[in-house]
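Just so you know, these numbers use all the heavy atoms, side chains as well, and skip hydrogens, waters and symmetry mates.
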Amino acid sequence: MTFKHNFKKVLSATAFAAALVVAPAANVSAATNDASSTQQSATATSQDQQASQDQAASQSSAANQSSSTSTSSATSTSTVKKTTKKAKKTTKKSKKKTSKKKAVRKVAKKTTKKKATKKKATKKAKKTSKKSTKKTTKAATAAVTASAGQSQATDQQDDAAKKAAEAAAKKAAAAKKAAAKKKAAAKKKAAAKKAAAKKRAAAKKKAAAKKKAAAKKRAAAKKKAAAKKKAAKKSAEKAAKYWIAMRESGGYYTARNGSCYGRYQLLISYLGGDLSKKNQERTADRYVYGRYGSWVNAKRFWLAHNWY
């Protein structure tokens, strides 16, 4: 498209230059036409003059014939005078005509000279116009060729630039695609990693919950066992205490054996003057736990020594 546009521009420039060259040639041809019309008018004038001269000559010959006839026929002198007057007039007329012919000839010579000079001028103008047209056509052809070459080079540059742009666009698109692919892969990897971490966290949480539940269960079992043990111990303690009370006093709080008193046969000095049931229970527990650590141990000692 660029080449065609440039070529049209160059053609229009060439046409303009040709018009400038042809204009002087047209002026020269107009001048030549004017010269030819002037020559034709001069020729017509010379032809008219020749016809008038021929008529005068015929008239003079006719007058001569009439004068000769008048002489031979012995006409009167008046007719001779008339004929001489006519002859004089005709001679005058012929002289005028000859002078006019000379003037016309001079004018014709001048016109022919002018025509010759004009012809030379037109020839020169034609030559110069031809030369100028040749130069302009050469210049126009060179300009067309240069513009064609330039437009071709421009088209080639445009094609190269277009190809380079397309290649760059393809490269950028490929890079973008690769980057998007890489990003998607990284995202997928991160998602998988996150999912794995979530799974591990869930498993850890589950394991922790399981461990906690097991620990809770163990603690509950331990607590239960401890409670059971405590209950058993308490029961054993209660049974041992009851067993000792039954052996020492038969279970009576008012039983007395020397310096010992009460259900557990404690020294009266241990009771501190308070012989109540409550004080007896409290003092007996304090004595047994302080001396044996438990009623079971006190029972064991009693079985071995028959006292405690």
Side-chain angles (χ1 to χ4, degrees), residues 169-308:
K170 278 182 182 178
K171 197 174 180 181
K176 197 175 180 181
K177 197 175 180 181
K181 202 174 180 181
K182 198 175 180 182
K183 198 175 179 180
K187 202 173 180 181
K188 197 175 180 181
K189 196 176 179 181
K193 201 174 180 181
K194 197 175 180 181
K198 201 174 180 181
K199 199 175 180 180
R200 280 198 303 273
K204 200 174 180 180
K205 196 176 180 181
K206 196 176 180 181
K210 200 174 180 181
K211 196 176 179 180
K212 196 176 180 181
K216 201 174 180 180
K217 198 175 180 181
R218 280 197 304 272
K222 200 174 180 180
K223 194 176 180 181
K224 196 177 179 181
K228 199 175 181 181
K229 194 176 179 181
K230 193 176 180 180
K233 190 179 179 181
K234 195 175 181 180
S235 180
E237 285 288 299
K238 195 176 179 180
K241 189 177 182 181
Y242 178 78
W243 187 86
I244 288 172
M246 292 306 288
R247 291 292 179 277
E248 288 290 328
S249 63
Y252 293 102
Y253 285 99
T254 56
R256 189 176 185 136
N257 186 14
S259 58
C260 296
Y261 183 82
R263 185 180 172 87
Y264 299 100
Q265 290 297 298
L266 297 170
L267 291 171
I268 295 171
S269 60
Y270 287 172
L271 295 172
D274 188 3
L275 301 177
S276 65
K277 292 178 181 180
K278 195 175 181 180
N279 188 40
Q280 284 183 36
E281 292 288 333
R282 186 167 56 239
T283 305
D285 285 335
R286 186 167 60 244
Y287 168 76
V288 167
Y289 285 117
R291 186 178 177 96
Y292 301 106
S294 66
W295 282 101
V296 174
N297 291 335
K299 182 185 176 181
R300 200 177 286 128
F301 185 85
W302 197 100
L303 286 169
H305 299 92
N306 207 21
W307 65 274
Y308 76 102

Practice item. Of all the heavy-atom pairs spanning Gly262 and Ser249, show the shortest one and how long it is. Key: O-CB, 3.4 Å
Review point. Measuring from Arg247:CZ to Asn306:CG, what's the distance to the nearest 0.5 Å?
Key: 10.0 Å
Exercise for review: Measure the OH-OH distance between Tyr287 and Tyr264 for me, rounded to the nearest 0.5 Å.
Suggested key: 14.0 Å
Exercise for review: For Thr283, check side-chain hydrogen bond (donor to acceptor under 3.5 Å, both in side chains) against everything at least two apart and list the hits.
Suggested key: Asn279
Check your understanding: What closest approach, in Å, do Trp243 and Leu303 show between heavy atoms, and which atom pair accounts for it?
Key -> CH2-CD2, 3.5 Å
Can you give me every donor-acceptor pair (side chain of residues 170-184, partner residue at least two apart or in another chain, under 3.5 Å) with its distance?
none

Exercise for review: For the pair Val288 and Tyr308, evaluate side chain to side chain contact (heavy atoms under 4.5 Å, CB included) and give the outcome as yes or no after the intermediate values.
Suggested key: CA-CA 9 Å; Val288 167; Tyr308 76 102; 4.0 Å; yes
Point to revise | Residues which pass side-chain contact (heavy atoms from CB on, under 4.5 Å) with Ala221, listed by chain and number, not counting sequence neighbours | key: none
**Study point:** Selection residues 217-241 - residue pairs positive for ring-ring contact (aromatic ring centres under 6.0 Å, His included), sequence neighbours left out
**Key:** none
Review point. Sequence neighbours excluded, which residues qualify as side-chain contact (heavy atoms from CB on, under 4.5 Å) partners of Leu267?
Key: Ser259, Cys260, Ser269, Tyr270
Study note, to complete from the structure: So ring-ring contact (aromatic ring centres under 6.0 Å, His included) across residues 182-232, not counting sequence neighbours, yields none
Study note, to complete from the structure: Residues at least two apart in sequence or cross-chain that pass ring pair (Phe, Tyr, Trp, His ring centres under 6.0 Å) with Tyr261, listed by chain then number, are none
Review point. Do Leu266 and Gln280 have side-chain heavy atoms sitting under 4.5 Å apart?
Key: no
Quick one: side chains of residues 232-241, donor-acceptor pairs under 3.5 Å with protein atoms, not counting sequence neighbours, listed by atom name and distance.
{"unit_1": "Glu237", "atom_1": "OE1", "unit_2": "Tyr289", "atom_2": "OH", "d": "2.9"}
{"unit_1": "Glu237", "atom_1": "OE1", "unit_2": "Trp295", "atom_2": "N", "d": "2.9"}
{"unit_1": "Glu237", "atom_1": "OE2", "unit_2": "Trp295", "atom_2": "N", "d": "3.2"}
{"unit_1": "Glu237", "atom_1": "OE2", "unit_2": "Val296", "atom_2": "N", "d": "3.2"}
{"unit_1": "Lys241", "atom_1": "NZ", "unit_2": "Glu281", "atom_2": "OE1", "d": "2.6"}
{"unit_1": "Lys241", "atom_1": "NZ", "unit_2": "Asp285", "atom_2": "OD1", "d": "3.0"}
{"unit_1": "Lys241", "atom_1": "NZ", "unit_2": "Asp285", "atom_2": "OD2", "d": "3.3"}

**Study point:** Tyr242: partners by side-chain contact (heavy atoms from CB on, under 4.5 Å), with sequence neighbours left out
**Key:** Met246, Arg263
Review point. Who are the side-chain hydrogen bond (donor to acceptor under 3.5 Å, both in side chains) partners of Ser276, not counting sequence neighbours?
Key: Asp274
Exercise for review: Output every pair passing salt bridge (Lys or Arg N to Asp or Glu O under 4.0 Å) with a member in residues 288-308, not counting sequence neighbours, ordered by first then second residue.
Suggested key: none
Point to revise | For Glu248, side-chain hydrogen bond (donor to acceptor under 3.5 Å, both in side chains) partners two or more places apart | key: Trp302
